[in-house]
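What follows is a set of notes on a single structure, which appears directly below.
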There are 2 protein chains.
Amino acid sequence: MKTIEWFDGKVRYIDQTKLPLEEIFIETNDYRVMAADIKQLVIRGAPCIGVAAGFAVALGALEIQERERPRFLARLEEVAGEIKSTRPTAVNLFWGVERVMEVARVGVGVDQIKRSALAEAKRMAAEDEDICRRIGAHGSELIQDGFNILTHCNAGALACVDYGTALGVIRAAHEQGKKIHVFVDETRPLLQGARLTAFELTKAGIPMTLITDNMAGHIMRTRKVNCVVVGADRIAANGDTTNKIGTYSVSILAKEHGIPFYVAAPTSTIDLKIAKGDDIVIEERKEDEVTTIQGKRVAPFGVKVANPAFDFAPSKYVSAIITEHGVVRPPFEQGLRSVVSTANQAIRQARQSG
Amino acid sequence: MKTIEWFDGKVRYIDQTKLPLEEIFIETNDYRVMAADIKQLVIRGAPCIGVAAGFAVALGALEIQERERPRFLARLEEVAGEIKSTRPTAVNLFWGVERVMEVARVGVGVDQIKRSALAEAKRMAAEDEDICRRIGAHGSELIQDGFNILTHCNAGALACVDYGTALGVIRAAHEQGKKIHVFVDETRPLLQGARLTAFELTKAGIPMTLITDNMAGHIMRTRKVNCVVVGADRIAANGDTTNKIGTYSVSILAKEHGIPFYVAAPTSTIDLKIAKGDDIVIEERKEDEVTTIQGKRVAPFGVKVANPAFDFAPSKYVSAIITEHGVVRPPFEQGLRSVVSTANQAIRQARQSG
């Protein structure tokens with residue numbers, strides 16, 4: 001079962017807010033439902049959001065009744081804007097919308113645009129799985145037999161269409177027969193580590209230990225942690241890696257203990273237009289994500305809360321960025337430009353070959 | 001209302017597991033109830049545990065029916081052992097038991113032992129409040145007007161009889177009219193920051209912002225944090241400071257950002273018999289503290305969990321240790337010995353003057 005896919009004329013995706021206790025799938029042909037679900041983290045994970053954004057634009061295109069091309073496209077641009085407004089940080093959202101819009105803008109007629117928009121979204125979904133397996137293959141070369149790996153948040157199959165980025169690296173190493181063990185940060189406030197990564201690793205039979213976020217330093221000091229692998233929501237041109245809140249602290253703790261810190265992400269997560277991490281907009285989310293947990297109030301009423309959803313690992317603490325087109329090492333600027341260029345060529349070729 | 005006190009022939013204390021949503025007080029004259037409540041964190045916080053341990057021994061003494069002094073004392077030593085076995089890390093537990101046992105062992109008859117044991121426990125409770133105010137007075141000299149302070153866990157009135165150690169420093173600065181603001185780590189797994197510290201600061205009208213533990217690094221980088229103040233469960237002779245899990249990470253993050261890291265603790269928390277942090281036994285608690293939050297399951301069933309209740313800030317990252325007998329600066333060895341010696345003299349004098 002994919003995290004998100006085209007199924008019987010609709011988009012089908014798992015409700016990630018209900019995991020791990022309930023596995024509920026949502027089917028819709030309404031892009032507004034998808035936009036709301038991206039906002040509410042029913043759909044989450046940068047690569048998954050990218051594919052979902054593509055499907056949402058395609059659903060928007062299919063629904064528009066205008067028969068005149070300019071009016072149709074004007075309305076589709078509005079839909080694209082609505083989808084883009086859901087979350088500010090993960091660049092894959094904008095990338096996903098733009099990929100389908102690029103195809104739509106060059107379409108010759110309304111019906112052809114509708115067909116090609118959906119075809120592009122489906123292509124993105126298929127590509128995503130392939131990309132994750134290639135990230136896994138490249139990244140697994142960094143993982144040795146017997147490694148203890150620490151990960152933060154969920155950069156797994158649930159953050160993608162399937163397989164995962166950081167967890168793709170871990171899965172690939174496991175599939176190669178390497179004996180590995182994973183320490184999973186629970187990742188407050190929304191517990192993507194405890195709920196989603198623990199769920200995926202357990203299903204895959206990969207040995208793991210769940211820890212609270214504040215145990216990471218102690219675990220690095222007292223247990224042998226050989227490397228950290230995390231995903232990314234947006235990678236700046238200099239390699240600064242924006243990812244789930246707490247990633248910054250983990251990168252400092254890894255540096256303190258001399259542990260390599262690896263980022264695993266598709267090239268669609270690289271934003272060459274952004275020079276450095278400080279230029280990336282950090283989404284501030286609602287207070288009740290901190291003051292309540294699974295509906296249970298844990299803090300006094302009226303208390304003030306900070307809830308930044310992301311922070312970034314400074315490039316100086318990033319040992320390598322693992323992409324589908326290879327492992328990029330510091331200094332990152334040139335290597336990141338190179339893999340993005342390779343990826344853009346691959347997209348053009350895929351469109352031409354249908 | 002004190003966190004713990006002698007009231008109407010019984011020990012009365014607040015149930016800290018029910019806060020902040022319910023304020024429930026427990027009254028008992030059974031040391032077994034108190035021992036169980038220390039284990040279950042109904043009573044928690046190193047200084048509070050110390051005073052509770054003293055009261056528990058006194059309750060044990062009052063209850064023993066033996067009239068023959070050697071038999072009475074032998075039974076009381078058993079009671080002391082039971083109380084000491086509740087939690088391994090906070091030295092105040094052993095200190096509290098021993099303070100009352102020292103008085104008991106030199107008592108001349110059973111009735112006199114019973115009276116003096118209770119008197120010693122009451123003296124400890126009274127002292128604790130005075131000690132906290134003196135820690136506050138010393139520590140507040142390190143806090144300037146306009147400071148942003150980060151704290152971890154709860155080292156407040158609830159961790160003591162009243163006023164608090166780390167929060168004593170913060171309260172004293174606030175009472176002096178300094179405009180301060182506190183970032184409160186929620187402190188998983190048991191959320192003492194979100195539940196207890198947020199509760200105390202809100203009640204005291206001290207401005208604060210609640211954050212999840214993994215936000216601490218990001219907050220230090222993006223908001224002006226001027227110092228960290230935490231409590232302690234056991235301070236080794238070299239200044240290594242064992243405290244709630246996550247303290248180690250916070251000390252590294254503070255060092256990374258050039259932020260002073262202060263420990264506020266009574267001299268009863270200093271254990272000169274322990275050379276360094278690595279020699280302190282770290283309590284490992286039950287898995288369900290991590291896999292469930294306030295009774296709500298958050299992780300898949302069957303998942304493996306680590307749950308060390310403490311870690312330690314290495315002395316090299318500790319800027320100062322604030323005690324009731326003054327602020328000790330690195331290197332800590334001599335300064336710690338000096339304040340412990342002063343404290344022991346004060347205890348002897350207090351006993352002599354009744």
Side-chain angles (χ1 to χ4, degrees), chain A residues 19-21 152 183-189 191 194-195 198-199 201-203 207-219 221-223 244-253 255-256 282 287 290-291 293-308 310-312, chain B residues 19-21 152 183-189 191 194-195 198-199 201-203 207-219 221-223 244-253 255-256 282 287 290-291 293-308 310-312:
Chain A
L19 289 169
L21 302 183
H152 187 71
F183 285 105
V184 178
D185 279 357
E186 67 173 6
T187 319
R188 277 279 287 149
L191 298 165
R195 296 191 301 106
F199 174 79
L201 292 177
T202 304
K203 262 199 167 176
M208 59 150 286
T209 302
L210 178 64
I211 61 174
T212 62
D213 299 299
N214 58 19
M215 291 174 194
H218 176 69
I219 292 290
R221 200 184 73 81
T222 56
R223 313 273 286 261
K244 182 52 55 196
I245 186 73
T247 301
Y248 175 61
S249 293
V250 173
S251 76
I252 292 168
L253 296 172
K255 188 261 304 187
E256 170 81 10
I282 298 291
E287 299 203 336
V290 174
T291 56
I293 302 178
Q294 306 279 81
K296 277 271 196 181
R297 183 90 196 176
V298 295
F301 288 96
V303 82
K304 198 179 141 202
V305 167
N307 189 12
F310 305 93
D311 57 17
F312 69 88
Chain B
L19 288 169
L21 302 183
H152 187 72
F183 285 105
V184 178
D185 280 357
E186 67 173 6
T187 318
R188 278 280 285 149
L191 298 164
R195 295 191 302 105
F199 173 79
L201 292 177
T202 303
K203 261 199 167 176
M208 59 149 285
T209 302
L210 177 64
I211 61 174
T212 62
D213 299 299
N214 58 19
M215 290 176 196
H218 176 69
I219 292 290
R221 200 185 72 82
T222 57
R223 314 272 285 261
K244 181 51 57 194
I245 186 73
T247 301
Y248 175 60
S249 292
V250 173
S251 76
I252 291 168
L253 295 172
K255 188 261 303 187
E256 169 80 11
I282 298 291
E287 300 204 335
V290 173
T291 56
I293 303 178
Q294 307 279 83
K296 278 270 196 180
R297 183 89 195 176
V298 295
F301 288 95
V303 82
K304 197 180 142 201
V305 168
N307 189 14
F310 305 93
D311 57 18
F312 70 87

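Source: prediction; values computed, not measured. In what follows, chains are A, B, ... by sequence order, proteins preceding strands, each numbered from 1.
For B:Phe310, the part lying under 4.5 angstrom from a heavy atom of chain A is the backbone only. Looking at A:Glu186, the atoms closer than 4.5 Å to chain B (heavy atoms on both sides) all sit in the side chain, from C-beta outward. Contacts of A:Thr209 with chain B are made by both backbone and side-chain atoms, with heavy-atom separations under 4.5 Å. Both the backbone and the side chain of A:Asn307 come within contact range of chain B, with heavy atoms under 4.5 Å apart. Looking at A:Ile245, both its backbone and its side chain come within 4.5 Å of chain B, counting heavy atoms on both sides.
Counting only distance, with no hydrogens or angles, the side chain of B:Asn214 and the backbone of A:Ser249 share no donor-acceptor pair below 3.5 Å.
The side chain to side chain donor-acceptor pair (under 3.5 Å) search around A:Asp311 returns none, not counting sequence neighbours. Judged as a side chain to side chain contact (heavy atoms under 4.5 Å, CB included), and not counting sequence neighbours, the contacts of A:Pro20 are A:Arg195, A:Phe199, B:Pro300.
A pairwise comparison of heavy atoms in B:Lys296 and A:Lys296 identifies CG-CG, 3.7 Å as the closest pair. Heavy-atom minimum distance, B:Lys255 versus A:Glu256: NZ-OE1, 2.9 Å.
When B:Tyr248, B:Phe301, B:Phe183 are compared by the number of non-hydrogen pairs under 4.5 Å with chain A, B:Tyr248 comes out ahead. Per-residue heavy-atom pair counts under 4.5 Å with chain A were compared for B:Leu201, B:Ile282, B:Leu253, and the maximum is reached by B:Leu253.
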